[in-house]
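Below is one structure, written out as structure tokens, with a few remarks after it.
When a ligand or atom number is given, it counts from 1 through the structure's own listing order. When a residue number appears, it is its place in the shown sequence, counting from 1. Given the structure is predicted, the values throughout are model-derived calculations rather than measurements.
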Amino acid sequence: MKITVIGTGYVGITTAASLGEIGHQIIGVDIDKLKIEQLNNGILPIYEPGVEPVIQNLLKQGTLHFTTSLQEAMKETEIIFIAVGTPQLSDGRPDLKYVDEVAREVGRYMSKYIVIVDKSTVPVGTAERVQSLIMEQLNLRKLSVSFDVVSNPEFLQEGKALQNSRNPDRIVLGCSSRAAEEIMLKLYDNIDAPKHITSPRNAEMIKYASNSFLATKITFINEMARLCDLLAVDVVEVAKGMGMDKRIGPYFLQAGIGYGGSCFPKDVSALAMMGREANMEMSILRSIQEINQTQTDWFLGRVKESMGVLDGKRITLLGLAFKPDTDDIREAPSLKLIQKLLTEGAIVTGFDPVANNKIKNIFPNVKISEDAYSAAKDAEAVVICTEWKEIIDLDWRTIKSLMHGNFIFDGRNALDGDMLQLEEFQYWGVGRSLNKIV
Ligand SMILES: NC(=O)c1ccc[n+]([C@@H]2O[C@H](COP(=O)([O-])OP(=O)(O)OC[C@H]3O[C@@H](n4cnc5c(N)ncnc54)[C@H](O)[C@@H]3O)[C@@H](O)[C@H]2O)c1
């Protein structure tokens, strides 16, 4: 099938790669000329494991290309994916201006039946909004063309995006017509996953409910970690024992320094706003936001309890992206932590395997090192913000010999605390008071 994907960010590029792989012809569209130029040369503007070779292969085969012209892309397309950003506005709502712009542009160039698919995360009612924006343009052109708008939310996780798109747990298809449903089923025919066919409004809500539920699970265990810390209980053992219950499951039960990224914070906030607009206060969501916002303060409190006044202390943060295997630093807990440590007067050094440049742009005065060992040199404490495998696998004896002190604050409970204590580190994990510094 001939597909256009509008927006070539994390979601758009992965959608192009995974649909291209199963035999569809893809045109990727973006307003960012530099991105399009890079992509046409097989260079990925983002870090996402495994995607670049797939894109290069499809470009070589001639079944994929990128353009800045939606008009050109729409000439033969059967399906258009909208995969543009929906960032959070200051009042907590998602900004739909990019989705609106795309809808109007589609209406300006549409001349035959097309299925328009919302892949961006958008509030309930957005499929109808996209429908009416397209209709407005068609009316201006005095054209009567039929079309369908489908909601097909994306559930990929950065760092595992290709794997998730190839083998999704489910594909949610919010369709308002039988014709659109058949086209979408044909599109995904080669992907072996359960297809949940429902209405566009239901599909839109499934996305927000799923992300908010995952954020709830993380936040629950983070609050448990705070209590475990007070009661000499190890939250890792607790999560393990809880997760063995099939009704609970082991995923998203790892205590840490809070969730971040471009999705959970904005999606929880958008769902809470949807509730407010419907005159319903979502108290669970309010608590989640509050606990998540204070998780870095709580963590910093533990650092101060161990190290005393932080003014003038050298502290190294390892792993700065919001999670491993991505260069995405949007809403990364490391950003909050760096800011708070600087405010306390600490001398901060950082290292991330791929996100260094992005951090440098935000904190030009923070020293960013090219490798973890140089970052640890002379540090009094090392803080693990993101559990990159290459950080977990560091030679910790060497790190110890380079440091000026011996504190490790493991914000992801990723390291072997017992082993580190044998190496004479003072190790502190999140909610693991049994391993607490004595
Ligand atoms: N990143 C994720 O892990 C993830 C996962 C699931 C869902 N989502 C949702 O998918 C959507 C996209 O997220 P992302 O992380 O890929 O965003 P992104 O910011 O990485 O990419 C968005 C792209 O859209 C482009 N764009 C903006 N306006 C455009 C226009 N008028 N025409 C063409 N291109 C335009 C931008 O230039 C940018 O390249 C969001 O709604 C997000 O919530 C993201």
Side-chain angles (χ1 to χ4, degrees), residues 4-18 27-39 44-49 51 66-74 80-89 93-109 116-123 126-127 130 133 151-165 168-172 203-204 206-212 214-215 259-271 321-332 358:
T4 297
V5 179
I6 308 178
T8 59
Y10 292 88
V11 169
I13 292 178
T14 312
T15 303
S18 61
I27 303 181
V29 180
D30 206 291
I31 43 172
D32 186 330
K33 281 195 190 118
L34 182 66
K35 260 189 193 175
I36 292 299
E37 224 173 87
Q38 285 180 318
L39 283 164
L44 231 57
I46 53 162
Y47 177 85
E48 187 55 54
V51 178
F66 296 93
T67 175
T68 51
S69 166
L70 179 59
Q71 189 173 13
E72 177 208 315
M74 278 184 65
I80 294 178
F81 277 94
I82 302 178
V84 295
T86 48
Q88 189 177 323
L89 289 166
R93 261 176 279 253
D95 190 350
L96 292 181
K97 75 172 179 230
Y98 304 109
V99 173
D100 290 355
E101 271 165 27
V102 168
R104 287 195 196 97
E105 226 189 332
V106 166
R108 240 171 265 145
Y109 304 127
I116 295 98
V117 185
D118 271 339
K119 220 170 211 329
S120 299
T121 304
V122 287
T126 304
V130 166
L133 287 169
S151 167
N152 171 212
E154 179 56 63
F155 299 100
L156 67 78
Q157 303 170 72
E158 286 175 23
K160 298 180 188 163
L162 193 59
Q163 191 185 323
N164 294 153
S165 302
D169 287 346
R170 78 300 206 188
I171 294 173
V172 173
E204 289 162 343
I206 287 169
K207 173 65 192 177
Y208 282 108
S210 302
N211 270 6
S212 298
L214 292 172
Y259 62 76
S262 67
C263 292
F264 285 0
K266 95 171 159 57
D267 293 350
V268 170
S269 163
L271 186 56
F322 88 95
K323 65 164 161 177
D325 296 317
T326 183
D327 60 347
D328 201 343
I329 59 162
R330 291 178 280 187
E331 300 288 324
K358 289 188 172 178

Tyr98 N/O to ligand 1 N/O under 3.5 Å: no
Test of proximity, Val11 against ligand 1: N or O pairs below 3.5 Å: yes
For atom 22 (C) of ligand 1, the option (of Gly7, Gly28, Gly85) bearing the nearest heavy atom: Gly85
Residue Ser262 vicinity, atoms of ligand 1 by number, heavy atom under 4.0 Å: 1 (N)
Within-shell test, Arg330 vs ligand 1, heavy atom, strictly < 4.0 Å: yes
For ligand 1, the portion of Leu70 having any non-hydrogen atom under 4.0 Å away: neither
Protein contact to atom 6 (C) of ligand 1 [nearest heavy atom, distance to 0.1 Å]: Glu154 O, 3.3 Å
Residue part near ligand 1, for Ala161, under 4.0 Å between non-hydrogen atoms: neither
Contact check: Lys207 vs ligand 1, nitrogen or oxygen atoms, below 3.5 angstrom: no
Identity and separation of the nearest protein heavy atom to atom 40 (C) of ligand 1: Thr86 OG1, 3.5 Å
Side chain to side chain contact (heavy atoms under 4.5 Å, CB included) between Asp100 and Arg104, intermediate numbers included: CA-CA 6 Å; Asp100 290 355; Arg104 287 195 196 97; 4.0 Å; yes
Selected option - heavy-atom contact closest to atom 39 (O) of ligand 1, from Lys35, Glu48, Gln88: Lys35
Ligand 1 contacted by Gln157 (non-hydrogen, < 4.0 Å): no
Atom 21 (O) of ligand 1: the protein heavy-atom neighbour that sits closest, reported with distance to 0.1 Å: Gly9 CA, 3.2 Å
For atom 2 (C) of ligand 1, the protein heavy atom that lies nearest, with its residue and separation: Glu158 OE2, 3.3 Å
Atom 5 (C) of ligand 1 - nearest protein heavy atom and its distance: Leu156 O, 3.6 Å
Nearest non-hydrogen protein atom, atom 11 (C) of ligand 1: Val84 O, 3.3 Å
Nearest non-hydrogen protein atom, atom 7 (C) of ligand 1: Thr121 OG1, 3.5 Å
Nitrogen or oxygen of Asp30 less than 3.5 angstrom from that of ligand 1: yes
Which of the ligand 1 atoms, numbered from 1, are nearer than 4.0 Å to a heavy atom of Glu101: 31 (N)
Nearest neighbour in protein (non-hydrogen) for atom 33 (C) of ligand 1: Ile6 CG2, 3.4 Å
Heteroatom distance test (Asp267, ligand 1): nitrogen or oxygen, under 3.5 angstrom: no
Polar contact flag for Glu105 and ligand 1 (N/O pairs, less than 3.5 Å): no
Part of Cys263 within contact of ligand 1 (heavy atoms, under 4.0 Å): side chain
Contact check, Lys266 vs ligand 1, heavy-atom distance below 4.0 Å: yes
